[in-house]
Every structure is written in structure tokens, then in C-alpha cells.
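All chains are named by letter (A, B, ...) in the order of the sequence lines, taking the proteins before the strands, and each is independently numbered beginning at 1. The structure presented is a predicted model; accordingly, all values stated were derived computationally and were not measured.
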Amino acid sequence: MTVPSLFATSRRSHLCGELRDAHVGETVRLGGWVHRTRSLGSIVFLDLRDRAGVLQATCDPRFTPLDVIAVAGRLGAETVVEVDGVVAVRPAEMVNRELVTGTIELQVTALRIVGPAVTPAIPVARGKDEKLAAEELRLKHRILDLRRPELQANLILRHRLLQVARQLMTSHGFLEIETPILTKTTPEGARDYLVPSRVHPGEFYALPQSPQIYKQLLMVAGFDRYFQIARCFRDEDLRADRQPEFAQIDIECAFVTQEDVQVVVERVLTALWKEAGHDIATPFERIRWADAMERFGIDKPDLRYGFELENWTAHVQPDAASFVLDGVAAGGKLRGIRVANGATWSRKEVDALAAVAKAQGLGGLLWAKRTDAGWEGQGAKAFGAATMERIGGVSGDLLLAGVGADAVALPAMGQVRLELTRRPEHLPTIAHAFCWIVDFPLFELDAASGEHMPAHHPFTAPHPDDTHKLETAPWECRAMHYDAVYNGNELGSGSIRITDPAVQETIFRLLKVPADEIQRRFAFLLDGLAAGAPPHGGFALGFDRIAMLLAGSTSLRDVIAFPKTTAARALFEGAPSPVSERDLAALSLAVLVKEKS
RNA sequence: GGGGCCGUAGCUCAGUCGGUAAGAGUGCCGCACUGUCACUGCGGAGGUCGCGGGUUCGAGCCCCGUCGGCCCCGCCA
């Protein structure tokens, strides 16, 4: 007898999928779902499935009562059964190498149907080339979809990652402290989910967009190192990598510098990647925000690829086309990308890239191909021979370029670069490319309103070297704000916070937040800062996104048990849904729009 | 708020130029089968072509609207 299974209960001895050669000869009792059946008449094979895997249970008249074989032969998929039997070695020629349990099988002696199942609306067991059901159906019949080994593996991985994060944080002296879900609007700038108060008619709680203010107050309260796997809610339009509710590994610590926080975050990420089977190197490369924009045209560069942006402005010669000269004279820059072996691209392929650049607001994408015969292409004409000479290139090169102000040309060329990295012939040079983006601007211009907004949130401390600019040139201030970036994905954001009430007031003044609004929204934070606040800072990691990346998936829905659709609906449970007039009245609410029929 | 793709049997899909009777695979039901592993063989049932309107002698196919799903922009860290 081997060691008893962790999963043994009064009704079973093991999980189906945990049995191995070492269990051969043991009499076991199992419970599981009928994954598939193969009835040969007198012999029936059942694939029994549970969260540990699939095991073949064999019903054979040599060891199985005939009435049991009869029942087994008519079992429908997804029926829950309990079986008794003996673990046996399979004959050598009957081994199934595709199953972890493929060298053994269960010789069934008894079988009970404990959970009859209607025919599943979408299949759980799938053949090798069989496609998944439409995602709409998978979300509607989520319990069936969740039975699929792939999603089981994803949620099991997610669990392990959560435990690793908790363990790492705890071992570094961080305290897990929960903060309210029913709270007050927070400063992230997304739309809030609101919850009406019954006892205070006309008043609403907001669900937290993050525990930002609470975690700062916990520092003021003396808890020194805090973390939480925090649920956050943002009422914005969704994407494959955005859900209306999501989890953050939320971190805050006192008496720290930016580097202290980064070390902790690097340790968390190292532990998480390790748990998923990857060894990564620390410290991560630090890239200043301004440099990231210059080199990659984006604040979350994918460092697995080259194609860095080049500044060719100084190469422009007087014989270049007038729109190039005018663009440069107006303060624009010439930003280019060099694609080795790109000269063989078709006009159609280049035009597709140009469309990407134009969609980003660039006037047009200039291109030039270098062949043995020399330069060709509209870009070569627009620049002129002298400029092309100075830009240089070797035969086979494709040069791509855009002229314009940094605010337009850099992001546009950054998107062109991203398109280049997506081409199948461009393979990543490394698997895991982490970096820190540091020295973000404190403010950014909001295109819609023309007003300055906090680049991160209004509690982010100005960079100490720029604090003196707060009065003279505030929009040039850099911030103590840093992002962790992985393979072109933003994993999280953090900052050192303002602890000087005078600086905080200056920021609010610059943002034109009216005094009464400051009082209404942030008094409890400002009072906290006045009550003796330690220097502090923190970070928030997007946990779902990390789980998605480590699961090798491209959608958050694959790592969330019950996710929402892109229209923020829950198809499985049917939320949101209308409520009765009575319920509305109790909340002193009235619905203005007609219900959809 | 905007753009794109999709919606035909339980599931995955085909359905040509608008034309007689809307098909396949799988699943489901029935029968046979003692070593299968996406078992096999034979037989059968199964359709509001998402929904509503329009054009037409005639619509799964064309047009308008609408609902739902996915992807993207805006928005959102």
C-alpha cells in the first residue's frame, strides 16, 4: 500500500488522474465524469476524468459483472459515476502514450451512477483536430467549458500563482490587509461602478477602481508593508485583455525609494515566472520614458525584437522634397526604421504598413528599397540622393520613415515597428524581455479636453530633480512613476507618493481641481498626510494579465472562471439584469430608459 | 461612440449566379461487435438558415434595421 492520496475521502480513495504504475495491484474507489466511452459489446472502455486527468476504466467479463457492463455501455458523456476496481498494468501493445495514465487501467468491479447528465450542449471531450465551440456558447455553458483540461490547467495555474505571490509577500514582511469594496470614488479616472444606498436615498457607493487611497492610509496608519490580491472595477469598454472586474497584486511600503519597490516587484515576478517554469534574470533593464519613446515609439516596448527607431533629422539635405524640409523646419523630426532583407516586400505589404502609420495620424509612410542598382521608392525620391547617402544602407534594406512632431511621429512609427515584429519571419531573439520604464512625465495632455491630466494619478510624487519646476514649468516635470513591462505588455504601474501636503495642494491647483472637490473627494487622504505620513510608494501588478501570459493564452477570459463578454455581460449567470419596481423603489431609484424587449 | 468579422441541425462547418428536395462530419437514438483509446460497421431521428422588415414571380443568398459574440480605435493602466 502506497501513501494514502491527499484526495481520499469517505467516498473515494484517489483522483482518477493521479494513479500511476506505483498503484498497480491496489483496490481503489474513484469518482469522476465519463469523458468518453468505447463499447465493443462485451467489453466496455470508459475514460474517467477529474481535475487530475483521464484514466481508462475497463469493463470486461473476466472481472466485471455482466449487469455492470450493460450499464457502462450506455453511459452518456459527462455522467458522474463512482467505480470500484483494481489498478492493473496494460498489456504492452495496449499502452496509450498520449495519456499520463496510459500504462495502466482500472479493472472495474462495480459502478454507480451518482450524477446523471443530460447530453452536453457543447462537447467537453474533443478530438485532436476538433474545433472549440463558439465562445458565446462556451461562456453560456461555462460549467461544461470549465471541465476542459485546458481551462482546468489555467485555473490551477492561477491558483498556484496566487499562492506563490502570497508566500513571497509574506516572507518579505508584507501584511495582507483587505480594503472596502463598497467605497468612494477613487482617482484613477475611469468610470465608476455605482451601488445605491438604501438607507441614504440618492447616495451611492462606488466600487474601487483600485485600493489606492486605502493603501496609502495604511502606510499612514503604520502598517509599513501592505499587500492585497485586490479586486478592482472599472466601467470602461473592454478588450481581450481587459475585464470590468479584475485582480491586482497591490503593494505599498513605507520608508522606501523607487528602487526598493522595484526590487520587491522583481522578486514577485521572478517567483511567479519560476512557478510557471521559467527562470528570469534580475535586475530588469531600466529605460527612461523619453528614451523608450525615442527608440520604440511606445511606453511598453517589446524588447524581444530589434527594429529600433532612428532619428534621421540631421541627415536631411536641402534637395529633399519640400514637405520633408517644411516638416523639419516646423520642428518635426524624421523618424526611420531599417528592415534588413525588406527590399523584397511587395508594394501591397508596404502599403499595409503605411495604413497603420496613417491610422495613427502620420501624414504618410515614406519607404525606400536598396537594391544592387541603388535606391528606389517614393521615400528615396522625397529625400533626394544626398539625404539617402547620409542615411545609408546596404543592398536588401527596406527603409521606412515618417516626418512629424514627436507626439505624432513617434507613436505612429512605434505602431509600424510593432507590425514588423508580428511578421512571421521576424522571430524573437529572447523569450522573456522585462524592463522598467522610469521617469514618466508627471502630466500628460488630454487630447479631448486640451487640459493637463496626471499621467498616473494625482498622488504621484514629482521627480526630486524637477520639483523646482513645479511653479515655473510644471508640465515638464518628470514623476517618480515606473512601469514594469514584459514582451510589450504592461504588467503593472507604481509610484512614490506625495507625502508633503503643500506639494499635494500644488498638484491639485495645477490640475484645476476646485477646492470643494478636493475636500469632497480627497479630504480623508489629505487629513491622513497631515497626521504624520511616512515616505511611501508602491505598485500594482495586473494579476489576470500575468496569469494569461503565463498560461500562454491571448484572452483574460481563459484565466477567469466566470468572465464577462466584451459588452460586459455575464452569459452564464445572466448579469446584469432588470430589477423589479419594488426593488427600485426601495432604493429610491427610477429607470428612465425603456427596457429592451 | 466608431470600424471590421461572424451568426445555417446539439456542436463544427459547406451551401456556387437569387431557382425544384438545405447538405457533410461529429454528437444523439437503435442494432451488431471480447482490447478499444476521436473504436468500428449498419440504420434512424434531428432545421423559426439569430430576429424584424423590404426588394423579387421566387431570398439561407440582395437591401434596411435590430439582437448577440469576437477583434480593433476611442476610452481605460
Quiz item: Touch check for A/Glu135, heavy atoms < 4.0 angstrom, all strands: base, sugar-phosphate only, or nothing?
Solution: sugar-phosphate
Can you check nucleotides 39-42 of chain B for protein contacts, nitrogen or oxygen pairs under 3.5 Å, and list what you find?
unit_1	atom_1	unit_2	atom_2	d
B/rC39	OP2	A/Arg36	NE	3.2
B/rC39	OP2	A/Arg38	NH1	3.1
B/rC39	N4	A/Ser39	O	2.4

Quiz item: Does A/Trp436 CH2 have over 12 foreign heavy atoms under 6.0 Å away?
Solution: yes
Exercise. Would you tell me if any nitrogen or oxygen in the side chain of A/Arg234 comes within less than 4.0 Å of OP1 or OP2 on B/rC75?
Key: no
Quiz item: Using a distance-only test with no angle check, is there a side-chain donor-acceptor pair under 3.5 angstrom linking A/Thr421 and A/Asp302?
Solution: no
Quiz item: Do A/Glu130 and B/rG27 share a donor-acceptor pair, side chain to base, under 3.5 Å?
Solution: no
Exercise. Step through the shown structure and confirm whether more than 12 heavy atoms of other residues, nucleotides or ligands are within 6.0 Å of CZ on A/Arg288.
Key: no
Exercise. Could you check which nucleotide pairs with B/rG7 in any of the strands shown, counting Watson-Crick or G-U wobble with both distances under 3.5 Å?
Key: B/rC67
Self-check item: Short side-chain N/O contact to B/rC37 OP1/OP2 from A/Arg97, under 4.0 Å
Solution: no
Quiz item: Think A/Thr566 has a side-chain N or O under 4.0 angstrom from the OP1 or OP2 of B/rG69?
Solution: no
Quiz item: For the residue pair A/His457 and A/Phe459, does the interplanar ring angle fall in the parallel (under 30°), tilted (30 to 60°) or perpendicular (over 60°) class?
Solution: tilted
Quiz item: Within the structure, does a side-chain N or O atom of A/Arg569 lie under 4.0 Å from either OP1 or OP2 of B/rC67?
Solution: no
Exercise. Would you kindly compare A/Gln415 and A/Gln107 by the position of their nearest RNA chain B nucleotide and give the one closer to the 5′ end?
Key: A/Gln107
Exercise. Among B/rA38, B/rC70, B/rU36, find the nucleotide with the atom closest to the side chain of A/Glu105.
Key: B/rU36
Quiz item: What orientation do A/His14 and A/His23 show, parallel under 30°, tilted 30 to 60°, or perpendicular over 60°?
Solution: perpendicular
Quiz item: When the distance from CZ of A/Arg148 to P of B/rC11 is rounded to whole Å, what number comes out?
Solution: 16 Å
Quiz item: Can you find a side chain N or O atom of A/Ser493 that sits less than 4.0 Å from OP1 or OP2 on B/rA77?
Solution: no
Practice problem: Return the 5'-most residue of the pair A/Pro61, A/Ala121 with respect to RNA chain B, ranking by each residue's nearest nucleotide. | Solution: A/Ala121
Quiz item: Below 3.5 Å, does any donor atom in the side chain of A/Arg90 face an acceptor in the base of B/rC37, or the other way round?
Solution: yes
Quiz item: With sugar-phosphate meaning primed atoms plus P, OP1 and OP2, does A/Asp60 contact a base, only sugar-phosphate, or nothing at under 4.0 Å between heavy atoms?
Solution: base
Quiz item: Which listed nucleotide (B/rG74, B/rG27, B/rU12) is nearest to the side chain of A/Ala133?
Solution: B/rU12
Exercise. Would you kindly check whether a donor in the side chain of A/Arg239 faces an acceptor in the base of B/rG74, or vice versa, at under 3.5 angstrom?
Key: yes
Quiz item: How are the rings of A/Tyr482 and A/Phe539 set relative to one another: parallel (under 30°), tilted (30 to 60°) or perpendicular (over 60°)?
Solution: parallel
Quiz item: Touch check for A/Leu571, heavy atoms < 4.0 angstrom, all strands: base, sugar-phosphate only, or nothing?
Solution: sugar-phosphate
Practice problem: Check every strand shown and say whether A/His481 touches a base, only sugar-phosphate, or nothing at a heavy-atom separation below 4.0 Å. | Solution: base
Quiz item: Can the ring centroids of A/Phe284 and A/Tyr486 be said to lie less than 6.0 angstrom from one another?
Solution: no
Self-check item: side-chain N/O A/Lys131 vs B/rC13 OP1/OP2, d < 4.0 Å
Solution: yes
Quiz item: Among the nucleotides B/rC75, B/rU34, B/rG69, which one has an atom lying closest to any side-chain atom of A/Ile43?
Solution: B/rU34
